[in-house]
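All remarks here apply to the structure that follows.
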There are 2 protein chains.
Amino acid sequence: MFDVIRVNMTDGSIEREPLPKTYEGLGGRGLTSAFLLNEVEPTCSPIGPLNKLIFAPGLLGGTNCANSGRISVGGKSPLTGTIKEANSGGQAGSYLARLGIAAIVVEGQPQEGKLFRLHVAKDRCELLPADELKGLGNYATVEKLKDTYGDRVGYVSIGQAGEWKLGAASVAFTDREGRPTRHAGRGGLGAVMGSKGLKAIVIDPAGGEAAPLADKDAFREASKRFLNALQTHPVTSQGLTNFGTDILINIINEAGGLPTRNFSSGRFEGADKVGGETLNRVTTARKGDCSHGCMAGCVIRCSGVYLDAKGNYVSKWPEYETVWAWGPNCGIDDLDAIARMDRGCDDIGLDTIETGNAVAVAMEAGLKAFGDTAGAEELLAEIGKGSPLGRILGSGAGAVGKVFGVRRVAVVKNQALPAYDPRAVKGVGVTYATSPMGADHTAGYAVATNIMKVGGDVDPLSVAGQVDLSRGLQIATAAIDTAGLCLFVAFPVMDIPDAMVAVADMISAKYGIRMSVDDFNALGGRVLKMEREFNARAGFTAADDRLPEFFKLEKLAPHNHVFDVPDSELDRVFNF
Amino acid sequence: MFDVIRVNMTDGSIEREPLPKTYEGLGGRGLTSAFLLNEVEPTCSPIGPLNKLIFAPGLLGGTNCANSGRISVGGKSPLTGTIKEANSGGQAGSYLARLGIAAIVVEGQPQEGKLFRLHVAKDRCELLPADELKGLGNYATVEKLKDTYGDRVGYVSIGQAGEWKLGAASVAFTDREGRPTRHAGRGGLGAVMGSKGLKAIVIDPAGGEAAPLADKDAFREASKRFLNALQTHPVTSQGLTNFGTDILINIINEAGGLPTRNFSSGRFEGADKVGGETLNRVTTARKGDCSHGCMAGCVIRCSGVYLDAKGNYVSKWPEYETVWAWGPNCGIDDLDAIARMDRGCDDIGLDTIETGNAVAVAMEAGLKAFGDTAGAEELLAEIGKGSPLGRILGSGAGAVGKVFGVRRVAVVKNQALPAYDPRAVKGVGVTYATSPMGADHTAGYAVATNIMKVGGDVDPLSVAGQVDLSRGLQIATAAIDTAGLCLFVAFPVMDIPDAMVAVADMISAKYGIRMSVDDFNALGGRVLKMEREFNARAGFTAADDRLPEFFKLEKLAPHNHVFDVPDSELDRVFNF
């Protein structure tokens with residue numbers, strides 16, 4: 001019923017086998033992390049033959065549960081050296097689940113320079129040469145593949161960045177319109193795909209069917225309750241739906257936590273020009289789409305469609321973190337330019353957070369001035385060209401800092417920090433420092449409780465309560481990522497107790513088990529512990545669970561706080 | 001009698017104080033490592049204000065003991081993130097000792113872009129602006145300083161690489177002729193000096209005097225025995241004296257351990273063209289100097305003077321590791337070009353081992369072909385220009401590998417391997433893997449026993465005995481580095497039992513203590529444990545004490561061995 005497809009890139013062989021017993025009860029992030037812990041030597045080279053790249057829909061994948069179509073990508077990260085899971089929207093997750101595939105595991109390594117595509121369909125899985133795709137961006141790759149496979153399939157691909165094995169390389173997934181706008185962005189998993197010589201995966205859902213349910217009635221009942229929560233909570237029914245994630249710009253700016261000009265201030269004078277309200281206004285005026293779902297079954301619909309002044313498609317709505325990375329963090333307030341750079345990142349196949357940070361560090365190094373919009377676009381173009389400068393930038397903020405001798409480099413485990421300054425939003429600072437993934441807001445989004453007062457109220461500037469907050473969120477998030485749910489369901493889940501019960505009930509009803517909310521949380525805790533175990537074996541210690549020293553030495557305006565959560569507190573996060 | 005000079009670069013203040021009790025009995029590497037362990041936060045940014053840069057002559061510095069004038073430079077390494085000691089010949093070590101200075105500790109950080117020189121004399125120590133030296137190479141820096149300070153002082157300086165805080169940046173020391181040819185090369189300590197805004201140190205020995213001796217007669221007697229050992233052993237009295245360290249090219253090539261074309265083979269067809277015999281022949285024909293000491297008091301005199309075909313000075317004789325890094329490892333067999341590149345590295349202020357490896361990895365990435373001599377010179381010139389490509393190369397082999405997506409990158413703890421393939425000389429492989437310094441042949445030169453059969457005979461291809469060999473050598477080396485002795489004294493010390501006794505006797509006679517050979521070794525063990533402790537606090541674990549995976553997966557011709565010393569064996573090195 002649930003199969004694993006193993007693709008051996010060394011000899012081109014493919015095997016389909018039932019999911020081994022040991023992996024039962026796991027999906028999404030839980031499954032990718034379990035495969036990595038069991039099968040990958042933690043000290044291996046991330047771009048060598050011993051690493052594996054794993055794709056897995058979540059436990060609720062293939063059902064009609066709202067927002068359950070996420071796909072997890074896992075591997076040892078070339079950026080961080082840690083275990084890594086990055087997940088994405090788009091169509092691939094639900095297509096794989098509907099084909100009865102629990103995971104694709106890509107192993108080994110072909111001869112240097114060889115390029116392949118993998119075609120996955122109901123009764124077929126084959127590896128084919130893809131030399132004709134060499135050097136193409138994601139948009140051109142997908143266009144070319146459509147000549148062969150058409151519109152009714154899901155595409156997974158890498159751009160040039162992945163082929164070049166850059167640390168910021170993402171894995172792209174097509175959305176409902178067949179555009180490669182959804183990305184498993186963080187941690188350079190596109191480079192792992194590139195190191196395997198795998199340019200693209202084509203997933204043809206034809207003949208697939210909804211995942212079987214052990215108890216259809218119970219599932220239907222629970223999924224309705226869950227849907228109701230999503231449609232009731234103001235964040236998922238109004239905020240994100242109308243303004244996208246970019247609604248956060250003005251909120252975080254107001255909170256003094258919008259990292260500006262490479263984390264040198266917490267407020268940006270041009271914030272409103274690039275915030276969600278402006279995004280909505282501009283898009284409405286240009287007759288773009290302000291309420292677009294990135295995958296079928298999405299009821300939140302935060303992704304939007306951005307048009308240029310002439311009404312031509314540019315990109316999906318850039319996420320808040322993307323707007324921030326290329327905007328305030330580079331001193332830029334030009335939304336059109338930011339949307340173009342978002343498109344550029346999607347095309348080259350780059351994590352927007354990592355790359356925007358890399359450019360900000362390059363600005364700090366003096367390569368361009370902060371606020372030089374054309375300069376930022378030039379730097380992005382360098383990455384696309386693969387010039388030496390482009391390779392440095394595409395290797396991430398840490399690499400730029402090392403190569404250009406910059407001290408203010410906001411990375412944890414070499415992964416760039418997202419759009420919330422940890423001195424002004426200390427709960428998410430705890431998550432950045434301690435997540436097994438490196439600096440990652442999605443790993444434990446304490447911003448919700450620190451700033452938006454969702455799930456309680458913990459003062460963002462105080463030390464008290466942050467560790468407990470981050471711990472709880474990291475555990476819950478690992479469970480949500482294992483279920484294959486969009487992380488934004490966390491807002492109703494944190495405020496509406498029954499939403500979490502409904503999730504556990506759906507999993508119970510699908511698999512014919514009895515899962516309580518405690519069990520669901522325990523699953524998240526188990527996943528985190530597997531990830532910590534992998535990292536420990538790879539050589540990571542408490543010394544790696546720290547923010548860069550400048551956060552402790554330099555005060556951030558306007559609150560003039562440093563990050564002062566003590567190391568001993570950080571070391572309490574994983575004491576469960 | 002022995003003072004510490006503390007230079008605070010944040011406020012420009014300088015303090016001279018007696019060496020604190022806690023540091024008594026330590027010199028050289030032992031002293032730099034003790035300062036770092038006691039005073040530097042191990043997780044700090046290597047190029048930030050919390051790191052310190054320490055200069056220390058050895059315990060026997062300032063005496064007339066042969067080859068006792070080495071100077072240790074210590075700091076947290078920007079290249080490896082570990083504790084780091086790199087030592088050098090030249091005049092500075094004995095000049096500092098004769099001024100009664102046990103250590104210079106450089107702390108803090110000035111405003112970005114400010115540049116200083118430090119003038120150290122008998123009764124004076126002052127920090128002066130050095131803006132006029134900005135952007136100069138080491139040769140021009142020294143020439144310019146000579147206008148002010150003349151020929152009778154020792155110069156310590158950084159080139160452009162140090163100013164740019166590159167990971168391969170060295171600290172240069174002038175030799176007896178006032179040429180900046182001696183370098184504390186490894187680990188990027190030049191970048192730490194650059195991050196402190198310290199372009200140069202001028203050490204004026206005028207008025208200094210030989211170090212006081214508690215028992216002059218005993219010292220004289222022991223130093224004669226030591227001198228006799230140096231002048232008796234064939235390696236220190238003939239091999240090194242006539243052919244320099246480059247005598248090793250043919251020896252290591254014959255042993256099948258000369259890493260060729262980025263560690264893809266153990267033999268180089270052009271070896272003899274770049275070996276010590278050729279170096280001697282060419283130098284003799286051009287009327288250069290085949291037997292030159294890099295510091296006063298040297299009786300080994302391995303450093304030589306290399307002239308071009310017209311008889312003009314090019315550089316000191318390139319060391320074996322330099323010849324290898326730019327020669328066989330890049331597929332290059334042109335000795336004149338190698339000497340020019342050695343000069344170029346000295347001038348820009350670069351570790352030749354790290355930089356040669358960086359170029360070899362760039363060749364593997366396809367930027368130039370192996371064997372392209374002009375191409376290698378071009379790449380070195382890029383570093384001097386500070387172009388993006390040059391910054392990558394100057395950041396070391398690991399950075400080149402990351403940025404250009406190369407898997408065969410020979411680094412441990414991100415420091416490039418020297419000129420002995422660990423698959424053919426497994427004892428030194430154990431040292432590379434486990435030394436607290438990262439891959440460093442000088443940290444435990446098992447090549448001596450594996451290949452030259454000095455100090456015994458351990459089969460270089462077997463696993464048996466390598467861990468014990470490396471452990472013993474790492475301990476003895478830490479002691480020798482603490483004494484301030486040139487490492488080449490190890491050859492007689494390993495073969496002539498009285499040589500080691502003589503070293504202990506000299507330390508005893510100088511300080512009025514009773515040190516046995518066991519005590520001397522215990523001192524080495526204590527230093528190693530301090531370094532391991534620093535690294536553990538910085539987050540290093542057994543997972544970092546490993547060679548890159550390709551050494552375990554790819555066999556090396558001609559012996560077709562992999563590196564097969566088990567991890568469990570490696571973990572036994574520090575079990576003392």
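This one's a predicted model, so the numbers in the text were calculated from it and none came from an experiment. Here is how names work: the chains are called A, B, and so on, in the same order as the sequence lines, proteins then strands, and each is numbered from 1.
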Exercise: identify the closest heavy-atom pair between B/Leu166 and A/Val403: CD2-O, 3.5 Å
Interface check, chain B: of A/Glu41, A/Glu112, A/Lys165, A/Arg407, most non-hydrogen pairs under 4.5 Å belong to A/Arg407
Grab the two heavy atoms, one from A/Lys402 and one from B/Ser395, that are nearest each other, plus how far apart they are. O-OG, 4.1 Å
So what's closer than 4.5 Å to chain A heavy atoms on B/Leu367: side chain, backbone, both or neither? neither
Shortest non-hydrogen separation from B/Pro388 to A/Ile392 and the atoms involved: O-CD1, 3.6 Å
Which atoms of B/Arg546 approach chain A - backbone, side chain, both or neither, heavy atom under 4.5 Å: neither
Can a donor-acceptor pair be found, under 3.5 Å and without considering hydrogens, that links the side chain of B/Glu549 to the backbone of A/Cys44? no
Do you know the tightest heavy-atom contact between B/Thr43 and A/Ala543? CG2-CB, 3.8 Å
Let me know if B/Arg408 has heavy atoms under 4.5 Å from chain A in its side chain, its backbone, both or neither. neither
For the interface with chain A, which of B/Pro49, B/Gly386, B/Ala365, B/Gly396 has the highest count of heavy-atom pairs at distances below 4.5 Å? B/Pro49
Quick check on the interface: out of B/Leu553, B/Thr541, B/Asp544, B/Val406, who has the most heavy-atom pairs with chain A under 4.5 Å? B/Thr541
Side chain, backbone, both or neither: which part of B/Val409 has an atom under 4.5 Å from a heavy atom of chain A? neither
I need the residue from B/Ala399, B/Gly390, B/Pro46, B/Gly405 with the largest number of non-hydrogen atom pairs under 4.5 Å to chain A. B/Gly405
Chain A contact via B/Glu163 - which portion, at a heavy-atom distance below 4.5 Å: neither
